[in-house]
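The structure appears right after this line, and notes come after that.
Just so we're on the same page: letters track the sequence lines, and every chain starts at 1.
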Amino acid sequence: MTAPFEPRILVFACNWCSYAGADMAGVSRFQMPPNCRVVRVMCSARVKPEQILAALTRGIDAVVVLGCHPGDCHYTEGNYHTRRRALVLDALLATLGVEKERFQVRWISAAEGAKFAAAIREVIEAVRDLGPNPLGRSHGTQAS
Amino acid sequence: MGKVRVGVFVCHCGSNIGGTVRVPEVVEYARTLPSVRYAEHNLYTCSDAGLTSIKKKIAEHGLTRVVVASCTPRTHEALFRHACEEAGLNRYLFEFVNLREHCSWIHMREPDAATAKAKDLVRMGVAKAALLVPLEAARAKVTPVSLVIGGGAAGLAAAGSLSRQGFQVHLVERADMLGGLTAGLWRLLPGDRPAAEVVGALTKEVTTSGNVQIHLRSTIEDVSGFIGAFKVRLATPDGFAELEVGTIIVATGARELEPLGLYRWRELDGVMTQLELERELVAGRTRYGDAVFINCAGSREPGRTYCGRLCCAVAIKNARYLKELDPDARVTVLQRDVMAFGAEFEGEYRRAMEAGVRFVRYSPSLLPEVVGDASVKAVRVHHDLMGRDIEIPAQVVVLTTPLASHAEAGDLSRMLKVPLDADGFFLEAHMKLRPVEFATDGVFVAGAARFPADIREAVSQGIAAAAKAAAPMHAGEVIVEATTARTDPLACSGCGGCEAVCPFGAVTVEKDAKGRPVSSVNAVVCKGCGACAAACPQGAVQQQGFTEQQILEMVESLAFGREEAP
Amino acid sequence: MERRLREIARELLARPGTLCFLGWEALPNGRGTRPVEIRGADRADLLVWNRTCHANLAAYLPRFRGSQGSVGIAVKGCDARALSELVRARQIERERLFVVGVPCAGLAGPDGASLALRCHGCRYPEGFVYDATLGPMVAPDLPPRPVEDPNIDAMTPDERRRWFEEELGRCIRCDACRKACYGCFCPECVFEASRPRWISRRDTVAEKLFYHAVRAYHLAGRCVGCDECGRACPAGVRLDVLNRALARHVEELFAFAGAGVIEGAVPPLLAFTPDDPEPYPGGEP
Amino acid sequence: MTARYLDGARLAEACAVLGRNLDVFAPVLGRPGDAPRLERLPAAGTVTIAPRKPLLPLKSLFLPDCEVILTFRRRGNETVVTERPPVERDRVVLGALPCDVAALALVDRVMLQDPPDPSWRERRARTAIIALACTGEDEGCCCASVGVDPLRPKGADALLSPAGDGWLIEGATDKGERIVDALDGVLRKPTAVEIEAARVLISSSRKDSPLAGCERAWADAWDTAPWQDLAARCLGCGVCAALCPTCHCFEIQDERRGNDGVRLRAWDTCAAKQYARMASGENPRSRLETRLRQRFLHKLSYSAERYGSIACVGCGRCAAHCPGSTGIEEVARLLARAEADHG
């Protein structure tokens with residue numbers, strides 16, 4: 001009898017909006033499943049698709065990138081770059097047959113704690129249904 | 001960068017964290033992590049006791065990196081960095097792990113899972129901490145001289161304020177006189193004060209103060225440099241001038257929209273704009289006869305969707321003047337809806353109606369029509385309330401057009417590397433939090449250059465911009481973000497991706513001694529967003545404090561670092 | 001055409017300040033061609049042009065970074081696109097190049113007779129400025145690309161993933177693909193760097209997938225479909241399938257004309273417009 | 001010792017029999033058009049005992065492109081290390097080609113000299129090689145020019161000679177004899193016709209390659225050979241080295257991810273730019289032509305000086321796969337011409 005599958009999900013959040021939104025969720029005590037780990041970056045545009053591909057091929061079950069609403073970027077246009085990169089990465093992952101739930105982008109402002117919580121719950125539900133990330137099956141460090 | 005000896009301080013935050021996460025267990029776990037030399041837990045790490053303990057343990061255990069696992073960096077990072085600094089550790093050798101907002105508070109009913117997650121988060125934090133390097137924030141001298149572009153109300157107010165504070169100001173005006181749009185006006189609301197007086201008062205200050213150098217009939221040719229040290233090339237009647245300024249205030253104002261092709265303007269005698277009317281009033285014309293004002297001429301329609309904000313008040317004001325000049329004349333204002341905001345304008349609205357000005361509502365689907373052959377005879381309009389067309393006899397038709405952006409704003413926005421909005425007005429860094437600043441440091445905006453503003457707004461924005469500009473000039477230097485980007489010239493191919501995505505023009509690609517293109521980052525201009533680092537396929541551009549290696553290490557410590565095999 | 005090519009090269013090489021001319025020469029065994037760098041007008045007669053001139057000579061241009069003197073080069077349509085992207089990326093100065101446009105009516109497939117797969121539906125770079133041509137540079141009337149084999153669009157995501165895992169699993173990690181690619185001009189490839197070590201040397205499907213996915217991403221909007229990577233791959237991995245799919249997506253997403261098609265045009269990943277497609281929650285205006 | 005006969009039809013059976021006590025490796029054809037690959041049976045695809053060169057040479061079973069030497073886990077300040085044995089069971093390779101077999105002997109000279117490379121030595125000792133008498137149909141084949149007998153290769157433990165729809169099989173060493181005995185159940189006595197068929201085999205491997213008579217020091221080649229011209233065409237892709245049966249360079253790396261890691265031995269090549277780069281960043285062979293010169297002079301000159309024969313078995317892989325269509329044969333030709341011109 002093995003334990004039910006619990007996905008490990010990596011979340012990149014921009015310092016100015018989404019990380020603050022996550023804080024807001026905490027301050028508001030919105031409860032959510034403990035599958036996500038948030039990594040703070042100054043701007044969602046710092047997130048490099050290579051990092052996302054690395055996470056996925058290293059067996060992380062899903063990656064979420066959170067940024068300010070388009071037009072609200074603290075650095076004026078960072079999240080527009082994030083969006084383009086994400087669109088291309090979407091296309092790449094879709095081509096490779098990776099389920100779209102394994103890479104998601106959400107725009108969440110500093111005030112949207114509830115939205116952050118909701119987004120995280122959605123992602124976790126969706127990935128739980130998908131099961132473990134197949135790309136991680138043969139990643140490079142287990143003593144095999 | 002010396003030995004890596006990480007100290008981990010896990011905070012109970014009273015029961016905020018400790019009530020859910022089994023903190024002692026997390027500390028035990030932290031002790032098993034590579035490069036961790038010391039770990040402890042505190043009831044409140046941010047308390048004096050906690051901070052003292054951090055400093056003490058840095059010394060006792062020769063810690064070279066500090067990880068605090070408590071609340072959010074957004075509120076407490078500065079505090080802990082300061083503590084590290086006091087213990088002689090570079091402030092950037094500190095890493096924050098959020099166990100409260102991001103763990104205990106959102107998993108209150110799952111102590112086991114929350115504790116496991118806390119271990120993951122601490123492990124990730126330690127992984128990054130081990131790779132931190134000392135950083136120094138760049139400093140730049142600020143020349144205590146300001147450039148104010150535009151000699152209208154906003155510009156004059158800004159220049160005046162700066163000169164009062166003892167700063168040198170270059171005030172650049174492309175016309176041959178100061179005052180901008182205001183100079184051409186008749187009287188101003190509220191209070192019917194002659195515009196000339198207001199302009200005079202604003203002008204007097206800058207002309208009499210020894211600190212303001214006024215450049216009339218001059219335009220900006222080129223701007224280079226950055227906050228503290230801008231180089232500005234000025235085209236003046238007596239040739240070019242090079243200015244060196246520390247800050248720049250954009251107060252270029254706006255223009256009255258010319259209603260070309262609207263309501264037979266420039267086709268029939270007697271059709272004029274508000275500005276043309278006021279100029280006549282200034283010139284002393286007193287006879288007008290029946291007059292019809294048409295509001296929203298050329299605004300709030302496809303192509304120019306915004307509301308001019310001030311135009312209603314202007315129409316109300318001038319309609320009343322005409323009525324007062326000739327009480328027998330029939331003065332009608334055709335409006336879509338009257339935006340007479342604030343107590344004063346609402347009062348003016350009532351005052352005009354009491355003076356006998358008629359307000360008739362028309363709908364944008366049935367625009368009024370100006371009747372006449374050589375000169376205006378009447379205006380035909382569909383009366384919204386009566387539901388039928390009426391014809392209003394008139395000798396004069398005054399078109400209320402909105403303020404529109406200057407065509408030249410585009411050039412200036414390119415020179416200053418600051419954005420314009422869809423209507424060609426300058427776009428501030430944040431409409432609520434940074435209303436008179438641009439995202440580009442050292443450049444500010446005031447008045448109608450941003451959006452149609454009345455004189456009160458223009459003046460207060462001018463003073464606000466002056467205050468913002470004065471801050472770095474008073475300090476004499478700016479200390480900028482240390483987590484800026486940096487290029488490794490040996491690894492760089494010079495492809496220019498970084499340059500293309502930088503919103504601040506901080507990255508430039510130029511040829512090196514060998515003639516190879518190489519990118520370099522101006523640390524003073526860089527705001528540390530990291531967009532360039534993400535655009536570099538090779539990783540030649542790195543964002544300090546968020547390097548590829550640091551982020552990948554966190555990812556891998558999540559993917560592979562667990563006790564149990566994933 | 002061949003004669004004209006040689007004449008142009010000879011004339012160019014005779015000029016002072018000309019470094020070399022990049023073209024194709026016949027293989028010793030007479031079967032096919034290979035790249036040649038001609039130095040000295042007397043050797044211009046080595047140059048050939050025929051349906052087997054597969055090599056994308058633009059791939060050699062970044063080598064001239066930081067050197068002096070002008071370089072002559074013969075380009076097919078696809079090569080011209082690569083060339084103009086290299087110029088855009090500052091890897092070579094356009095002024096230093098003498099670009100000879102070669103009217104290509106499609107290259108030979110493996111059997112020598114058929115049309116090479118990659119040439120189907122080929123379009124010439126619109127608005128590319130040649131310094132000389134061997135004839136009118138007009139779009140050849142080539143048959144559209146046959147239904148892809150494999151037709152990944154017809155596969156379910158799971159089938160696609162399995163197909164790619166198997167296909168990319170054939171990779172032997174020799175890195176020939178990137179070294180043959182015109183667009184891989186980084187002084188040190190990110191996969192060679194050790195800080196951080198992006199990729200493990202271990203022989204696992206996940207590593208291979210990561211390598212090829214990242215390469216495809218780096219070339220998104222820059223790949224000109226010359227398929228030199230595929231030609232260089234000793235294991236016969238169908239790299240073109242991934243590259244083509246991504247190129248198509250990028251062109252559709254951003255109404256992009258294609259890498260290097262418009263001289264000086266910035267690749268989609270280095271630009272944006274506020275009204276880009278917005279599929280992500282929270283982005284609705 | 002008498003030859004026995006293996007029916008083509010009973011190949012699978014033979015593999016199964018050997019598989020009982022041995023790891024069996026054989027050329028497996030995955031996809032039509034592709035080169036076969038030497039894989040451990042059972043494997044997807046069909047075992048093809050034919051004169052078709054596997055993509056990666058036989059050498060790769062003894063010096064894999066990448067192998068884990070040991071694994072480690074970091075816990076606090078200590079590190080737990082677990083070593084990995086190079087081979088689990090004794091192994092047998094079916095249908096190895098003579099060129100690849102000959103190449104092993106050349107690499108032995110390096111790997112077995114004192115101090116010997118432990119994993120190479122153990123793999124060699126615990127692997128039986130059943131070669132195929134090769135009729136050398138590939139255009140690139142010129143093993144006959146460099147002293148390899150494609151029909152009766154040295155260094156094999158047993159030999160398969162095509163005859164009819166099967167093969168004559170003869171043991172050449174005790175190890176080989178034991179394999180043949182182990183197969184006894186699936187083998188039969190060959191007919192006279194089959195024996196004759198195997199005897200009259202002819203290989204079309206070229207004897208006239210410029211590689212013939214190459215085994216001497218090319219003293220002047222360092223300066224005289226047209227390395228510049230070669231480099232002008234070379235993409236530095238390293239395919240030649242990746243597929244070469246005699247290239248044997250490797251690097252050893254510790255790779256840590258999170259708190260776990262492995263020590264790897266992975267192939268490396270002097271054709272790669274980083275190969276000669278030192279910790280300081282200094283790189284004596286940063287220029288492509290210097291790397292080309294190193295690679296080819298090592299094969300054609302230094303190796304000859306040191307061991308009396310060139311480090312090439314004429315398999316033709318380099319020429320066949322070079323995107324610039326330049327193989328070692330052409331380099332040898334250029335060396336000879338350069339010597340003629342300057343000598």
Side-chain angles (χ1 to χ4, degrees), chain C residues 20 22 24-29 31-39 43 52 54-57 59-60 63 110 166-167 169-182 184 187-189 192-194 196-197 199-204 207 228-238, chain D residues 30-31 33-35 37 44 55-56 60 64-68 139-140 228-243 250-257 261-262 264-269 271-274 277 287-288 317-327 329-330 333:
Chain C
C20 60
L22 302 173
W24 305 274
E25 71 177 5
L27 286 184
N29 67 11
R31 267 173 269 152
T33 65
R34 64 186 181 186
V36 63
E37 179 187 295
I38 306 264
R39 290 172 185 260
R43 300 187 63 221
T52 68
H54 286 276
N56 178 350
L57 304 173
Y60 293 89
R63 302 183 176 191
E166 193 193 335
E167 189 62 28
R170 297 175 204 279
C171 167
I172 61 169
R173 304 283 304 273
C174 68
D175 293 357
C177 44
R178 65 173 165 88
K179 288 173 178 157
C181 176
Y182 94 90
C184 283
E188 185 190 49
C189 177
E192 291 162 355
S194 54
R197 185 185 303 285
I199 194 165
S200 162
R201 287 295 305 265
R202 295 196 67 178
D203 185 19
T204 67
E207 299 299 330
E228 284 289 83
C229 48
R231 207 169 60 87
C233 178
V237 178
R238 284 292 303 280
Chain D
R31 193 170 55 177
D34 282 7
R37 295 178 185 231
L55 180 63
L56 292 177
S60 63
D65 279 0
C66 181
E67 65 178 315
V68 174
E139 183 195 337
Q228 189 71 51
D229 300 359
L230 284 167
R233 176 182 309 124
C234 176
L235 290 164
C237 75
V239 162
C240 47
L243 305 182
F250 59 80
E251 61 174 346
I252 291 190
Q253 277 184 6
D254 287 355
E255 287 185 358
R256 181 186 57 78
R257 279 178 171 181
V262 291
L264 297 171
R265 167 149 88 170
W267 80 282
D268 198 357
T269 167
K273 189 168 183 178
Q274 316 89 311
R277 191 179 61 191
R287 285 190 0 270
L288 185 51
R317 284 185 179 91
C318 50
H321 290 283
C322 174
S325 311
T326 307
E329 278 194 274
E330 181 173 1
R333 189 181 297 113

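When all heavy atoms of D:L55 and C:P234 are compared, the closest pair comes out as CD1-O, 3.3 Å. Residues C:A232 and D:P323 approach most closely at CB-CG, 3.8 Å, considering heavy atoms. In terms of heavy-atom proximity, C:R170 sits nearest to D:D34 at NH1-OD2, 3.6 Å.
Residue contact with chain C, scored on non-hydrogen atoms closer than 4.5 Å, involves the backbone and the side chain of D:C237 alike. For D:E67, no part lies near chain C; criterion is any non-hydrogen pair under 4.5 Å. Looking at C:P28, the atoms closer than 4.5 Å to chain D (heavy atoms on both sides) all sit in the side chain, from C-beta outward. Contacts of D:T326 with chain C are made by both backbone and side-chain atoms, with heavy-atom separations under 4.5 Å. Within the 4.5 angstrom heavy-atom criterion, only backbone atoms of D:C234 (N, CA, C, O) approach chain C. Contact of C:I199 with chain D is made through the backbone alone, with heavy-atom distances under 4.5 Å. Using a 4.5 Å cut-off between heavy atoms, C:A235 contacts chain D through both its backbone and its side chain. For D:R317, no part lies near chain C; criterion is any non-hydrogen pair under 4.5 Å. The part of C:R231 that comes within reach of chain D is its side chain, from C-beta onward, which places non-hydrogen atoms under 4.5 angstrom from that chain. Residue D:A231 touches chain C through its backbone alone, counting heavy-atom pairs closer than 4.5 Å.
Annotation: C:E166, atom CD; neighbour count of heavy atoms from other residues, nucleotides and ligands within 6.0 Å does not exceed 12.
The CD1 atom of C:I172 sits 6.5 Å away from atom CG of D:D65, with the distance rounded to the nearest 0.5 Å. Rounding to the nearest 0.5 Å gives a distance of 11.5 Å between OG of D:S325 and CZ of C:R31. To the nearest 0.5 Å, atoms CZ (C:R63) and CG (D:L235) are separated by 6.0 Å. Note that CD of C:E188 and CZ of D:R277 are 4.5 Å apart. Values are rounded to the nearest 0.5 Å. Note that CZ of C:R201 and CG of D:D268 are 6.5 Å apart. Values are rounded to the nearest 0.5 Å.
In this structure, D:K273 does not pair ionically with C:E192, as no charged nitrogen and carboxylate oxygen lie closer than 4.0 Å.
Most heavy-atom pairs under 4.5 Å with chain C, from the set D:G238, D:G236, D:A272, D:G30: that is D:G236. Chain C forms the most heavy-atom pairs under 4.5 Å with one residue out of D:A241, D:G324, D:P64, D:A320, and that residue is D:G324. Interface remark: of the candidates C:A55, C:C174, C:P110, C:C174 forms the most heavy-atom pairs closer than 4.5 Å to chain D. Top candidate by heavy-atom pairs under 4.5 Å with chain C, chosen from D:A242, D:A35, D:C322, D:A266, is D:A266.
For C:R202 (side chain) and D:V68 (main-chain N/O), no donor-acceptor pair under 3.5 Å exists by modelled atom type.
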Might you work through the side chain to side chain contact (heavy atoms under 4.5 Å, CB included) test for D:R257 and C:S200, ending with a clear yes or no?
-> CA-CA 9 Å; D:R257 279 178 171 181; C:S200 162; 3.7 Å; yes

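Under 3.5 Å, the side chains of D:Q228 and C:R39 contain no donor-acceptor pair of N or O atoms.
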